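In what follows, every heavy atom counts, from backbone to side chain, and hydrogens, waters and symmetry copies are set aside. Since we're looking at a predicted model, the values are computed, not measured.
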Amino acid sequence: MSIQVKDVEHVAKLARLNLTDEEREMFTEQLNAILQYAEKLNELDTEGVEPTTHVLHISNVMREDVVHESLPQEKVFRNAPDEEDGQFKVPAVLE
């Protein structure tokens with residue numbers, strides 16, 4: 001597989017990018033280099049290698065769900081810029 005300048009131009013048009021002639025050539029070369037590297041990876045013998053979704057063997061990283069005492073409202077609102085009727089008061093975002 002090979003990327004042509006017309007492919008780069010097509011993608012640039014879809015992305016609404018105005019590329020110079022130098023940029024078109026540069027991106028064509030860079031994308032072809034990436035594809036060549038991917039082809040090298042296809043040459044690797046992966047027979048018997050299990051597919052992985054993560055490099056580390058992590059089965060469950062969640063902690064146990066333990067009920068704790070809540071903070072008192074006075075402590076929660078201590079650093080709040082404004083509070084009204086036991087709720088954080090924020091500027092209106094709708095008119």
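- Note: Glu9 CD to Leu19 CG = 8.5 Å, rounded to the nearest 0.5 Å.
- Closest non-hydrogen pair, Ile3 versus Thr28, comes out as O-CG2, 3.4 Å.
- Hydrophobic cluster membership differs between Leu17 and Val5, with clusters built from Ile, Leu, Val, Met, Phe, Trp and Tyr side chains linked at under 4.5 angstrom.
- Side chains of Thr52 and Glu50: a donor-acceptor N/O pair is absent below 3.5 angstrom, by distance only.
- Rounded to the nearest 0.5 Å, atoms CD (Glu39) and CG (Asn32) are 9.0 Å apart.
- In terms of the salt bridge (Lys or Arg N to Asp or Glu O under 4.0 Å) criterion, Lys13 has no residue partners (sequence neighbours excluded).
- Here Gln30 contributes atom CD and Glu23 contributes atom CD; the two are 10.5 Å apart, rounded to the nearest 0.5 Å.
- When hydrophobic clusters are built by joining Ile, Leu, Val, Met, Phe, Trp and Tyr residues whose side-chain heavy atoms come closer than 4.5 Å, directly or via intermediates, Met26 is not grouped with Val11.
- Hydrophobic clustering places Phe88 together with Leu71 (ILVMFWY residues linked when any side-chain heavy atoms are closer than 4.5 Å, directly or through intermediates).
- Separation of atoms CD (Glu74) and CD (Glu83) is listed at 9.5 Å; rounding is to 0.5 Å.
- Using a 4.5 Å heavy-atom threshold, the side chains of Asp7 and Gln4 count as touching.
- Rounded to the nearest 0.5 angstrom, Phe77 CZ and Gln87 CD are separated by 7.5 Å.
- Going from atom OH of Tyr37 over to atom CG of Asn42 covers 11.5 Å, rounded to the nearest 0.5 Å.
- With a 4.5 Å cut-off on side-chain heavy atoms, Leu14 and His10 count as touching.
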